[in-house]
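Written out below as structure tokens is the structure these notes cover.
Both counts, for ligands and for their atoms, begin at 1 and track the order of listing. Remember, it's a predicted structure, so these values are computed and weren't measured experimentally.
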Amino acid sequence: MRRLVTVNPSPGLARRSLLVGALGVGAAGALGVAKAAPSNAAVTAVARPTIASCATWGAQPATGAVSMTGPPQKILVHHTASANTTDYSQAAAYALARNIQQWHFARGWIDSGQQFTISRGGYTMEGRHRSIEGLGSGASTVFPLGAHCTGQNSTSIGIENEGTYMTSLPTTGQWNALVTLCAYLCQTYGLGPEDIYGHRDFLDTDCPGGALYAKLPQLRSDVATRLGTSNPTPAPTRTWPTLQQGSSGFRVTAAQYLLRHSGRTLTVDGAFGAGTKAVVVSFQQSKGLTADGVIGAGTWESPLAVTCSQGQTSDAVRGVQTALTAQGYAVTVDGVFGSGTASAVKSFQTAHALDADAVVGPNTWSRLLA
Ligand SMILES: [Zn+2]
């Protein structure tokens with residue numbers, strides 16, 4: 001996993017960074033602009049950002065032994081789904097860290113689930129005890145085993161970003177802190193910008209919110225600039241079918257299962273009639289989308305097509321199995337994501353040059369519905 005850092009960025013990097021910067025200011029207003037790497041000098045190593053330790057913000061001791069694991073293979077971005085406070089003070093940041101620890105104790109966890117936390121004011125804090133210890137003195141392969149994403153905890157470092165980012169974005173200070181922390185973690189653990197993901201890539205969750213999730217390509221790009229590496233190969237653009245009243249077929253069946261998974265009542269019959277349209281409108285309203293009753297990319301990724309993985313039993317899994325069947329894979333549409341479904345998903349992923357991890361996230365969903 002360890003990658004060499006390129007110290008001489010391509011001549012195009014500075015120009016690209018300027019372009020990204022201009023877009024970032026105009027499009028979001030709330031997002032920071034990454035510094036352009038010098039085009040004719042060695043890139044300076046990313047200095048460790050100030051990280052307030054558990055002792056500094058007043059953590060309680062963990063209630064069990066925090067063990068170390070590693071090396072990490074990825075970084076997962078979360079949002080706390082708490083209020084978008086305008087109190088940007090250090091005191092508010094430390095209070096947040098203490099509150100998160102209490103919320104996580106209440107879930108029966110031994111400590112804060114995530115390794116790091118970034119407040120709306122841009123303060124970076126240790127989450128789980130031993131996360132700063134794991135950073136070592138500049139290069140490391142270990143980190144404390146956390147509890148922030150079932151199935152990914154032994155291979156990923158979690159960053160909680162204070163706020164709810166379904167439709168709004170982090171503050172400039174928070175974004176800059178996130179870029180810096182991600183760059184420092186990549187440098188420390190030998191990861192690349194392409195190893196940064198959102199929580200929803202691996203689990204059925206809105207986290208880190210649709211607006212922040214949509215900014216992850218910019219996060220990877222900004223981190224690449226800080227590292228002085230070439231920009232990561234952009235993920236293939238996802239294409240999604242457009243479904244509307246009158247549509248029919250397996251894609252409609254899958255969509256109907258996914259709508260049912262969202263808690264709504266409708267008949268799954270593969271025919272997009274007035275009843276399905278009304279349910280789509282209801283779903284779109286709940287996500288703050290234009291409620292036109294047409295399922296396009298924005299609705300699929302809001303996400304209607306939630307992430308599914310082995311061990312789940314749900315209507316969403318029936319949707320996956322419906323699509324797998326239509327794509328020629330012999331699985332039973334029973335809603336149980338067992339080893340048979342997992343191996344079919346892996347075969348499908350391998351055949352389509354996707355990561356063969358058996359996790360049906362946005363990339364796999366969009367290919368299944370193609
Ligand atoms: Zn999350």
Side-chain angles (χ1 to χ4, degrees), residues 69 72-85 93 96-120 123-128 131 143-171 174-175 177-179 181-182 185 191 195-220 223 261-262 286-288 301-312 314 316 357 359-365:
T69 186
Q73 296 170 6
K74 53 182 103 74
I75 296 168
L76 296 196
V77 174
H78 301 266
H79 71 171
T80 59
S82 56
N84 288 344
T85 179
L96 168 76
R98 291 191 296 271
N99 285 338
I100 291 175
Q101 192 188 29
Q102 292 303 317
W103 297 336
H104 290 179
F105 280 152
R107 291 186 178 194
W109 300 349
I110 61 170
D111 197 1
S112 300
Q114 79 287 4
Q115 282 77 16
F116 298 100
T117 312
I118 301 175
S119 76
R120 295 261 301 162
Y123 289 95
T124 301
M125 297 166 282
E126 186 174 36
R128 181 154 292 211
S131 295
F143 66 103
L145 180 64
H148 60 95
C149 182
T150 303
Q152 305 299 323
N153 287 314
S154 62
T155 54
S156 68
I157 292 177
I159 302 173
E160 284 283 0
N161 292 277
E162 180 185 19
T164 300
Y165 297 120
M166 300 299 288
T167 53
S168 59
L169 288 165
T171 65
Q174 188 174 28
W175 177 262
L178 178 60
V179 171
L181 179 61
C182 286
L185 291 174
L191 300 172
D195 299 320
I196 300 170
Y197 294 92
H199 189 181
R200 66 164 67 172
D201 285 320
F202 298 98
L203 281 186
D204 175 4
T205 173
D206 283 339
C207 183
L212 180 52
Y213 183 75
K215 284 290 175 189
L216 293 185
Q218 186 179 345
L219 177 62
R220 297 183 191 107
V223 168
H261 179 74
S262 77
S286 75
K287 296 288 186 180
E301 295 210 11
S302 65
L304 175 61
V306 297
T307 297
C308 296
S309 55
Q310 193 165 357
Q312 275 182 271
S314 70
D357 60 2
V359 176
V360 182
N363 290 332
T364 301
W365 259 121

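- Every side-chain hydrogen bond (donor to acceptor under 3.5 Å, both in side chains) that Ser168 has, sequence neighbours left out, goes to Asn84.
- Seen from the ring of Tyr165, Lys215 does not count as a face-on cation partner, given the 6.0 Å and 45° thresholds.
- No donor-acceptor contact under 3.5 angstrom links the side chains of Tyr213 and Asp206, judged on distance only.
- Here the side chains of Leu191 and Leu185 are not in contact, with every heavy-atom distance at 4.5 Å or above.
- Taking the side-chain hydrogen bond (donor to acceptor under 3.5 Å, both in side chains) definition, one finds that His199 meets it with His78, sequence neighbours left out.
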Which side-chain N or O atoms in residues 111-118 pair as donor and acceptor under 3.5 Å with protein atoms at least two apart or in another chain?
{"unit_1": "Asp111", "atom_1": "OD1", "unit_2": "Gln101", "atom_2": "NE2", "d": "3.0"}
{"unit_1": "Asp111", "atom_1": "OD2", "unit_2": "His129", "atom_2": "N", "d": "2.8"}
{"unit_1": "Asp111", "atom_1": "OD2", "unit_2": "His129", "atom_2": "ND1", "d": "2.7"}
{"unit_1": "Gln114", "atom_1": "NE2", "unit_2": "Thr117", "atom_2": "OG1", "d": "2.7"}
{"unit_1": "Gln115", "atom_1": "OE1", "unit_2": "Gly158", "atom_2": "N", "d": "2.7"}
{"unit_1": "Gln115", "atom_1": "NE2", "unit_2": "Pro144", "atom_2": "O", "d": "2.8"}

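- Screening the protein for N, O or S atoms under 2.8 Å from the Zn ion (ligand 1) yields 3; no waters enter the count.
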